[in-house]
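Input: a single structure, listed below in structure tokens.
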Amino acid sequence: QREDINTSPIIALNGFELLATITAKPMILAKVDPGTPVKVLQEWNSSEGGKWLLVDVLTYSSSQFFYKRGWVRNGFS
């Protein structure tokens, strides 16, 4: 079940891994540090009972800021 969310960016209180998919062994796209702006785009409730968030994370590379999109399990760092 997918739910669209329209919110302002929030600040990550804890570090977490930004994941490419919600599979058993996903590729890690980035490690997100505490204090990083995060925009929640969608919420996904899996059939196994877990809740996942599709997010945009503001990252910095090569003197430029840009957003990376990926998944994070809600409630887990």
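Values in this document were obtained by computation on a predicted structure and should not be read as measured data. Atoms considered below: every heavy atom in the structure, side chains included; atoms not considered: hydrogens, waters and symmetry mates.
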Task: Same apolar cluster (I L V M F W Y, side chains within < 4.5 Å links), Val72/Ile10 - done: yes

Task: Closest heavy-atom pair and its distance - Asn74, Leu53 - done: OD1-CD1, 4.0 Å

TODO: First locate atom CZ of Arg73, then atom NZ of Lys51, and finally report the distance between them rounded to the nearest 0.5 Å.
DONE: 11.5 Å

TODO: State the CD-CH2 distance between Gln42 and Trp52, to the nearest 0.5 angstrom.
DONE: 15.0 Å

Pair up each side-chain donor or acceptor in residues 19-34 with any protein partner under 3.5 Å, not counting sequence neighbours, and list the distances.
unit_1 : atom_1 : unit_2 : atom_2 : d
Thr21  : OG1    : Thr23  : N      : 3.4
Thr21  : OG1    : Thr23  : OG1    : 2.8
Lys31  : NZ     : Glu17  : OE2    : 3.1

- [ ] For a side-chain contact (heavy atoms from CB on, under 4.5 Å) with Thr36, tell me which candidate from Val57, Ile11, Thr59 qualifies.
- [x] Val57

- [ ] State the CZ-CG distance between Phe16 and Leu13, to the nearest 0.5 angstrom.
- [x] 10.5 Å

Open item on the list: Nearest 0.5 Å, please: how far is CH2 in Trp71 from CG in Leu18?
Closed with: 11.0 Å

TODO: Considering non-hydrogen atoms only, spot the tightest contact between Asp56 and Arg69 and give its length.
DONE: OD1-NE, 3.1 Å

